[in-house]
A.B. asks: 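Questions regarding the structure given below will be posed in turn.
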Amino acid sequence: MKIKSQLSQIITQALQSANIETTDAIVISDATKPEFGDYQFNGIMKLAKILKKNPREIATTVLEHIDTTGMIDRVEVAGPGFINIWLDNEWLAKASTSILDDDRVGVGYVETPQKVVIDYSGPNMAKQMHVGHLRSSIIGDTLATLLEFLGDEVIRQNHIGDWGTQFGMLIAYLEEQGTDTASQNLKDLEQFYKDAKVRFDESEDFANKAREYVVKIQQGDAHCLKLWKQFIDTSLGHCEEVYEKLGVNLNREDVRAESFYNDALSNIISTLKEQNISTTSDGAECVFLEGSDVPLIIQKGDGGYLYATTDLAALKFRAKELEADRICYVVDARQGGHFKQVFAISKMAGMVGEEVNLEHIAFGTMMDKSGKPFKTRDGGTVKLIDLLDEAVVRAKATIKEREGHEEAELEKVAKAIGIGAVKYADLSISRESNYLFSWDKMLSFDGNTALYMQYAYARIQSIFRKHNGEINGEIIIGDALEHRLSLMLLKFEDTLTKASIEATPHTITSYLYDLVTLFMKFYEQNPILKEGVEEEIKMSRLQLALLTANVIKKGLDILGIEVVDKI
RNA sequence: GCACUCGUAGCUCAGCUGGAUAGAGCACCCGCCUUCUAAGCGGGCGGUCUCAGGUUCGAAUCCUGACGGGUGUACCA
């Protein structure tokens, strides 16, 4: 339910009928404290300054014009000129009852759907996926699911790295090994790469062949291309295993590899040359931008292209061919400078229209306990697949002592909890800051963790199992806690909207945490199935519980995290 | 050097398009299970929001500067 925009309209109307003119957007905020109501409007003070009038006087006048039929219970002027708003219990009851059977739990669609390209994950085919790919993959996936749910048309783009000099070496080695035995060796790409590198360093012949193969692939040599394709296919298969485990919704159709843009690269250069945007400097083709002392190099002195060139081609493709309104790059924050340049140039050269929103959805680095980038004990990169397997093993250990799990069920629950923990830990931190990786913290039942949400969900399911019957009737708001809970449930849409605009998954996790905390309080204080609870109240509370479960489930679903009925 | 970014409780983090007495979790202390999953809930302890100026009715939030950490900085991606 779009509560804030409804309230904003009511206030706008009140201002109009009070003959107060303003050009500012009417922004409704959540009340900072329960005693200040549910929502507040803080714009009167600013208005008073412009009108040179007493803010409390204006607030009082506006107050008289606020239409309180329906949604609003009461309003008051407080402090220097705040307008505090309490929502009506009847209205809350009705509104929350009405979304009980809704599989969108009351969430509507965006008014003007956009075509949004989301570039995320983007693994390098020469290597195994490591923890560095985790954040891009899950933040991007959440964003994609979220925008899709809200009604945008989302085009996922997995910009895999399948091009470059290292592939000459790799396919030369693949050929040398024989493609049959090699497919076995390709199971560990990291090792395969190392072995190939050893060969490269020890044998001059091999090294020459590797270099020769790079050229041959680029020239479209059928034999080399076949080997190359085989290699990419195997490597991509590894990625898909990770996606499967991680529950990331990327498949072959979403792959638009670097190599896809090869044919477009020369055109990018000529376009920039023609418009005099680029100049030759030290033999390389460069674009110098104001405010940046370092140019963006788009073509090397030897005529070769760079990833900047590919990025420009990709931007053009996404804007012109895919006709995107918004293009999001879910990429490490360290590439901020690069994207700033590439975005500016693409617009300058008309490769991307002015109206297209280009966003670098930046995220920080994953750190270990000592505050250094996350590595294995011997300093290597942590393979993503190993990390995920460990998460499941650890999750299993934490829940094993709990009663009533059969082996198959335990496996399933451990998977939901382990993977959920890893994803939630990552998504719940504001994405631009670096984040500290800690098994203990992410697998804790306490605090803002996936497990706490899953536990709350399981607890609710347990109530239903015990009740084991029909749930009907209406939601009745009986006390302040039920008032707050039903309102919180109705705030789901406003939360998702904010998260989608700012591309901040942690907005959703904070909301879920608040919701679950509130539900836990409700659960402690408002008995549902216990003796002496009137039938009407029981039904109402069962429905509040049901709605809470539905919102938790949908919220976690958007984050790509599963729920389980028992923990 | 320049650019970007961060600095909030002992620790991990919210809050930042200016609003009322700055919030959570962990840790520590104290309560609550004959009754819906106590891996829960309630209460307590804990703050010069790095510092100094400025803008104004009002600043953790905006601006300037300093200090401290991280990152990026010409032909890798």
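Each chain gets a letter, A, B and so on, in the order its sequence line appears, and its residues count up from 1.
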A.B. asks: Using a 6.0 Å cut-off, check whether atom CD of A:Glu502 has over 12 heavy atoms from anything other than its own residue.
C.D. replies: yes
A.B. asks: Determine yes or no for a side-chain-to-main-chain donor-acceptor pair under 3.5 angstrom, with A:Ser540 supplying the side chain and A:Ile475 the backbone.
C.D. replies: no
A.B. asks: Does the ring of A:Phe36 meet both stacking tests against the six-membered base ring of B:rA20: centre distance under 5.5 Å and plane angle under 30°?
C.D. replies: yes
A.B. asks: Where the side chain of A:Asp446 is defined as all heavy atoms beyond and including C-beta, which of B:rG25, B:rC76, B:rC13 is the nearest nucleotide?
C.D. replies: B:rG25
A.B. asks: Does B:rC33 count as syn, meaning its glycosidic angle lies within 90° of 0, or as anti?
C.D. replies: syn
A.B. asks: Students often get this wrong, so: under 4.0 angstrom with heavy atoms, is A:Ser428 touching a base, only sugar-phosphate, or nothing?
C.D. replies: nothing
A.B. asks: Any side-chain to backbone donor/acceptor pair from A:Ser136 onto A:Val330? Under 3.5 Å, distance only.
C.D. replies: yes
A.B. asks: So what does A:Phe522 hit on the nucleic acid, given a heavy-atom distance under 4.0 Å: a base, only sugar-phosphate, or nothing?
C.D. replies: nothing
A.B. asks: Using the rule for Phe, Tyr, His and the six-membered ring of Trp, do A:Phe82 and B:rA20 stack at under 5.5 Å and under 30°?
C.D. replies: yes
A.B. asks: Quick one: the side chain of A:Thr310 and the base of B:rA77, do they pair up donor-acceptor inside 3.5 Å?
C.D. replies: no
A.B. asks: May I ask you to verify whether the side chain of A:Asp332 and the base of B:rA77 hold a donor-acceptor pair under 3.5 Å?
C.D. replies: no
A.B. asks: Can you tell which of B:rA20, B:rG70, B:rC57 lies closest to the side chain of A:Ala78?
C.D. replies: B:rA20
